[in-house]
Amino acid sequence: MYALVDCNNFYCSCERVFQPQLLNRPVVVLSNNDGCVIARSEEAKQIGIVMGAPIHLMEGIVRNHQVVVFSSNYTLYGDMSERVMKTLAGFVPQMEVYSIDEAFLDMGRLPYTNLLQLGVAVRETVVQHTGIPVTVGIGPTKTLAKLANRYAKKFHKDLGVHYLANRRLIDQALTATNVKDIWGIGAQYARLLTINGFETAADLAKAPADWVRTNMSVVGLRLLKELNGTPCAPWELEPPKKKNIATTRSFGQVTQDRSLLEEAIANHTATAAAKLRKQGSSARQLQVLIQTNVFRQQDRQYSHQIILELEVPSNDTPELIKYALKGLDLIFRPGYNYNKCGVVMLDLVNDSEAQMGLFDLSNRARGRLLNTALDALNKTYGKDTVQYAVQGFERRYRLKSNHLSQRYTTNFNELLHVWI
DNA sequence: TCTGGGGTCCTAGGACCC
DNA sequence: TCTGGGGTCCTAGGACCC
């Protein structure tokens with residue numbers, strides 16, 4: 001049996017833990033650059049705030065309902081997530097952290113009748129330890145656990161747990177679930193399925209396998225099996241190494257300034273290089289991309305990307321910055337209002353396997369020591385404590401973040417103050 | 001004025017090899 | 001005059017996830 005534990009409106013809940021006066025009020029959290037809504041409290045959902053919508057189109061609702069708006073504070077959410085995961089890990093022999101706010105728990109092989117109670121205990125303990133409310137769905141496959149979780153949110157909101165303990169309960173949940181709400185069914189497949197007469201998960205579960213294979217590839221076939229109770233997804237107890245590592249950002253405002261793009265690219269490269277080192281990888285290719293704002297129809301549009309082959313696989317910050325700036329040089333065109341840029345590390349290899357170049361004369365050992373020292377300092381004293389000059393010091397390209405809360409749990413200067 | 005960021009997997013088709 | 005077939009690798013594009 002699998003349990004899918006997911007934090008309710010996670011980012012909003014994190015903010016509320018430290019500002020309990022916001023309970024029962026509409027709260028939203030915005031994407032980077034204060035652009036779109038990426039998390040909503042129940043109250044915000046009820047007054048019609050749409051997921052993913054640009055906040056500037058909702059000024060009316062925000063004003064009329066006194067919606068509390070936050071910029072995203074990933075330092076806080078990441079730390080709260082760790083605390084939740086740590087609590088969950090105490091309940092089961094093995095678990096899989098699926099995303100920042102979700103985890104699959106291994107509930108054992110047999111359908112014990114007391115799994116519902118276990119789910120309730122998980123929920124109570126997490127809220128006691130962290131203040132974050134969670135929902136628990138339990139079923140014989142990951143897909144059914146997801147489905148049970150959704151069902152719990154819809155029909156057992158107060159209990160916050162649902163257990164698909166037998167055939168009848170599974171059928172009931174399948175029938176109550178629209179195909180578009182199945183894990184793995186996106187907008188395209190939902191349309192395809194509806195056109196072909198599949199309305200609910202129960203309909204899909206009975207679909208002919210060859211039709212599913214033809215129209216939805218083997219991914220669909222696996223989904224079909226999972227809906228019918230046969231697990232097809234293996235446990236991923238350790239997060240697998242990333243195969244690509246990207247750092248891209250929009251600017252706070254559009255710019256034509258080349259030096260600003262250079263600074264931004266250098267910074268994104270430094271960030272991506274640190275991510276590479278953290279997972280013990282080196283890149284064989286580096287992609288640089290720049291683009292104008294597609295929403296500004298009055299502007300001439302330009303977007304371009306280039307992939308550079310590295311002579312030797314690398315995760316060395318200054319070396320990668322050199323490549324990235326060369327890439328920028330190759331694709332930059334003056335006179336455009338740029339809005340976004342980024343770098344992607346591709347074709348990653350394990351550090352230990354990185355092949356030395358025949359003519360590679362730079363002193364890699366020294367470079368490694370420097371990077372290690374730099375990572376350690378930045379970890380202890382905060383990101384960008386030590387950096388390269390080319391990264392600039394003003395962060396002139398930085399994004400908007402006008403509604404940022406404190407880093408209550410990770411920064412000594414931003415602790416919550418309590419007066420008694 | 002203001003529209004996120006970072007990933008994964010699968011398939012078809014072409015290039016290439018023997 | 002007759003002009004194979006099987007395998008692998010790579011890439012672009014499409015689908016999905018949070």
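In the text below, chain A, chain B and the rest are named by the order of the sequence lines, each starting its count at 1.
- For dC18(B), the paired nucleotide is dG5(C), the pair qualifying as Watson-Crick or G-U wobble because both relevant distances are below 3.5 Å.
- Heavy atoms of Q253(A) sit nowhere under 4.0 angstrom from any nucleic acid atom.
- For the residue pair T135(A) and N8(A), a side-chain donor N or O sits within less than 3.5 Å of a side-chain acceptor on the partner.
- Distances shorter than 4.0 Å separate none of the side-chain N or O atoms of R213(A) from OP1 or OP2 on dC10(B).
- Using a 4.0 Å heavy-atom distance criterion, N32(A) is classed as a sugar-phosphate-only contact.
- Using a 3.5 Å distance cut-off with no hydrogens or angles, the side chains of Y77(A) and E15(A) do pair a donor with an acceptor.
- Considering only side-chain atoms of A246(A), the nucleotide from dC9(B), dT11(B), dG6(B) that sits closest is dG6(B).
- Candidate nucleotides dG7(B), dC18(C), dC2(B) were compared by shortest atom distance to the side chain of K275(A), and dG7(B) ranks first.
- When distances run from any side-chain atom of S31(A) to the nucleotides dG4(B), dA15(C), dC18(C), the shortest one goes to dG4(B).
- The phosphate of dC9(B) (OP1 or OP2) has no side-chain N or O of R222(A) nearer than 4.0 angstrom.
- Here I185(A) lies in heavy-atom contact (under 4.0 Å) with sugar-phosphate atoms only.
- Using a 4.0 Å heavy-atom cutoff across all strands shown, S72(A) reaches no nucleic acid atom at all.
- Checking R249(A) against G52(A), the closest nucleotide of DNA chain B that is more toward the 5' end is the one next to G52(A).
- In this structure, of dC18(C), dC2(B), dT11(B), it is dC2(B) that holds the atom nearest to the side chain of K400(A).
- Remark: P of dG6(B) and NE2 of H268(A) are 8 Å apart, rounded to the nearest angstrom.
- Using the six-membered ring where Trp is involved, W183(A) and F104(A) have ring planes that are tilted, between 30° and 60° apart.
- Nucleic acid contact for A53(A): none, since no nucleic acid atom lies under 4.0 Å from a heavy atom of the residue.
- As judged by a 4.0 angstrom heavy-atom cut-off over every strand, V218(A) is placed among residues touching the sugar-phosphate backbone only.
- Taking side-chain N and O atoms only, K340(A) has no distance below 4.0 Å to OP1 or OP2 of dG6(B).
- Nearest to the side chain of H56(A), among dC17(C), dT3(B), dG6(B), sits dT3(B).
- Residue whose closest nucleotide on DNA chain B sits further toward the 5' end, between E59(A) and I245(A): E59(A).
- Contact annotation: N293(A) reaches the phosphate of dT3(B) (side-chain N/O to OP1 or OP2, under 4.0 Å).
- Ring geometry for Y338(A) versus Y302(A): interplanar angle over 60°, hence perpendicular rather than tilted (30 to 60°).
- Classified by interplanar angle (parallel below 30°, tilted 30° to 60°, perpendicular above 60°), the ring pair Y151(A)/F155(A) is tilted.
- Among the nucleotides dC18(C), dA15(C), dT8(B), the one closest to any side-chain atom of N244(A) is dT8(B).
- At least one side-chain nitrogen or oxygen of S250(A) sits closer than 4.0 Å to the OP1 or OP2 atom of dG5(B).
- Of the candidate nucleotides dC18(C), dT1(B), dG6(B), dT1(B) has the atom lying nearest to any side-chain atom of R296(A).
- Within the 4.0 Å cut-off from OP1 or OP2 of dG6(B), at least one side-chain nitrogen or oxygen of T248(A) is found.
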